[in-house]
Structures are given as C-alpha cells and as structure tokens.
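Notes follow once the structure below has been shown.
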Amino acid sequence: MSEWIEIGKIVAAQGLDGEVRVYPDSDFPERFIEPGKRWILRPNKSEPEPIEFLGGRYIPGKGLYAVEVEGVEDRDGAEALRGCKLFVEKTDRPYLEPDEFYVQDLIGMEVFNQLTGEILGKVSDIIPAGNDLLEVETNLTAPETVVAELKKPKQPETPKANADPRNTRPPRKTRVKQPKSTKILIPFVEEIVPIVDLEQGRIEILPPPGLLE
C-alpha cells in the first residue's frame, strides 16, 4: 500500500439518497468536495478499487463530509460502504509550502538532539493541536541479559552411592530484560525543530529547558 495515501473513512450513510459520511484523514477539503476519481478499500480486501466522487460538502459541527458516490442511489447502498477506507494515489499530492509536510512522511523519522548529537528516538505520531506535536518514542535503556542463578541445594552429610557430583549444581537460567520506552511530545515549530531532512529521514531539534525531562 506504499503507493497510496489514505484520506479518510466512510463511517455512515447520510440521509436517504445514497450520500455517505466520511471522516477525513486529510487537511485538504478538496479531497471530499471536488468530483473525480478516488479509491476505496473494502474490509477484508488487500487492494483498493476505483470509485467516482460526484461532489461533497462539509457538515458543520460534525467534523465530517457528506459525499455523493457514483452508482450509490439509496441508503442501503451507502450503508454497504460503511467501514471502507478512502485513498488517492501517492502521485496525486497537492503542492505544499516549504515548511509543510505530509504526516505519513514524518512517521518513522529519527529525531536527534542538535545540541548533543544524541538520537532521541523515532516519530510515532503527529498530534494535532494549536501547534502540531511530534510524538517521539524513545528507548531509555538498552536490552539487558539477566542471569538468574538458582540456589545450590544442600549436600547430604552422607553422600549417596554412585552420586554424580556434576549434577549437584542446577543450571543457570537467563532472560532478556526488554528495553523501557517512553513517549515525548515536541512542538512542531521552527524554533524547536529547525531541520527536517526527508531525504535522510532525519529530524533535528533544539530542546528548550525542561522539554526532555
């Protein structure tokens, strides 16, 4: 699915005439308002199929769009599309300003402290807010192998006949202690995030005092 961009999900029927309600996963209203080809992925399917949007409108106060789909004429047809995800081709990207980025391009990028050169972790999510927040998952400790040694049993005062002294010490058990991780939130503003290098998959931050504590 790397050649597709998910733009939303059909969550319900809208009215009786075949419109569907779409929960958007895109900052571009034209994805849902303007007519044209989109792609739909039905539940339990692995490949999207083309559909035609005839037009749409924003539903105030709901955060949803009502969209008319070609060939869907009634509420039953609209309900049949509930749960389907909507996509556009990755090549169909609107122009972005130099300081704008697609969310899916930021996910997984490595984040470095520009002051120390230390890698902090990887971007795991973008949280919408007054200023968007980078959610960075960071490992606090490296994996550690812990050796648990069982207590040696007491030897009997009178050894048993034919006892094998090699069997008087039980084997040691080992386990791997998984690294602890946490998530930190970094305001996605130029003063704190001066460098976003998509080609290198690298983000550099200048953390103000207290941000990483």
Side-chain angles (χ1 to χ4, degrees), residues 1-11 21-33 37-51 58 63-65 67 83-143 178-208 210-213:
M1 296 294 291
S2 60
E3 68 270 28
W4 304 99
I5 299 174
E6 185 174 342
I7 61 171
K9 183 177 182 179
I10 297 175
V11 295
R21 286 190 175 192
V22 174
Y23 181 82
D25 192 19
S26 171
D27 292 327
F28 302 101
E30 60 268 27
R31 299 290 199 194
F32 315 102
I33 294 175
K37 181 183 289 187
R38 309 293 189 274
W39 299 80
I40 189 169
L41 181 65
R42 299 178 187 274
N44 303 319
K45 297 292 185 180
S46 59
E47 291 294 330
E49 58 190 72
I51 60 171
Y58 182 70
L64 302 170
Y65 289 88
V67 177
C84 294
K85 294 181 178 181
L86 295 168
F87 294 84
V88 294
E89 293 177 294
K90 198 169 185 178
T91 54
D92 182 19
R93 287 184 160 191
Y95 172 78
L96 294 181
E97 298 294 334
D99 59 346
E100 294 179 330
F101 304 91
Y102 287 102
V103 168
Q104 60 268 30
D105 289 342
L106 299 176
I107 302 297
M109 292 186 69
E110 293 183 326
V111 180
F112 292 81
N113 186 335
Q114 197 177 77
L115 300 176
T116 65
E118 174 191 7
I119 182 172
L120 300 176
K122 292 185 177 182
V123 177
S124 56
D125 200 1
I126 309 296
I127 300 177
N131 290 313
D132 289 344
L133 300 172
L134 297 178
E135 181 185 81
V136 178
E137 186 168 2
T138 173
N139 289 332
L140 297 180
T141 59
Q178 294 300 321
K180 295 180 180 179
S181 65
T182 188
K183 293 180 179 179
I184 56 177
L185 299 178
I186 299 173
F188 195 38
V189 295
E190 188 174 2
E191 294 80 5
I192 298 176
V193 188
I195 294 179
V196 178
D197 190 334
L198 294 176
E199 290 187 2
Q200 298 295 323
R202 179 186 180 98
I203 293 175
E204 296 183 14
I205 70 167
L206 288 171
L211 179 64
L212 303 180
E213 295 176 358

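Just so we're clear, the structure is a prediction, and the values are computed from it rather than from any experiment. Note: hydrogens, waters and symmetry copies are ignored here, and every other heavy atom, side chains too, is used.
- Identified under the side-chain hydrogen bond (donor to acceptor under 3.5 Å, both in side chains) test for residues 98-111, with sequence neighbours left out: R93-D105.
- When all heavy atoms are compared, the tightest approach of F112 to G117 is CD2-O, 3.7 Å.
- Interatomic distance, CD1 of I205 versus CG of L120, reported as 5.0 Å (0.5 Å rounding).
- Contact record, S46 with L41: C-CD1, 3.9 Å, taken as the closest heavy-atom pair.
- Atom CD1 of residue I203 and atom CE of residue M109 lie 4.5 Å apart, to the nearest 0.5 angstrom.
- Nearest heavy-atom pair across V11 and Y23 is CG1-CB, 3.9 Å.
- Shortest non-hydrogen contact noted between C84 and P43 is SG-CD, 3.8 Å.
- Each salt bridge (Lys or Arg N to Asp or Glu O under 4.0 Å) pair with one or both residues in residues 112-132, not counting sequence neighbours, would appear here, but there are none.
- In plain terms, the two heavy atoms of R38 and E30 that are nearest each other are NH2-O, 3.3 Å.
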Pair up each side-chain donor or acceptor in residues 185-201 with any protein partner under 3.5 Å, not counting sequence neighbours, and list the distances.
from: D197; atom 1: OD1; to: E199; atom 2: N; distance (Å): 3.2
from: D197; atom 1: OD1; to: Q200; atom 2: N; distance (Å): 3.1

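- Among residues two or more places apart in sequence or in another chain, the salt bridge (Lys or Arg N to Asp or Glu O under 4.0 Å) test is passed with D92 by R31.
- Distance check, rounded to the nearest 0.5 Å: CD1 of I40 to NZ of K85 gives 12.5 Å.
- Annotation: ring pair (Phe, Tyr, Trp, His ring centres under 6.0 Å) contacts of Y65 (sequence neighbours excluded): F32, Y58.
- A salt bridge is defined here as a Lys NZ or Arg NE, NH1 or NH2 lying under 4.0 Å from an Asp or Glu carboxylate O, and R42 with E49 meets this definition.
- Across every non-hydrogen atom of W4 and P48, the tightest pair is CE2-CG, 3.5 Å.
- Taken to the nearest 0.5 Å, the NZ atom of K37 stands 11.0 Å off from the CD1 atom of I51.
- Two residues are said to be in side-chain contact when any heavy atoms from C-beta on lie closer than 4.5 Å; V22 and I7 fail this criterion.
- In this view, F28 satisfies the ring pair (Phe, Tyr, Trp, His ring centres under 6.0 Å) rule with no residue, not counting sequence neighbours.
- Note that CG of L86 and CG of D25 are 10.5 Å apart. Values are rounded to the nearest 0.5 Å.
- Distance check, rounded to the nearest 0.5 Å: CD1 of I119 to CZ of R202 gives 8.0 Å.
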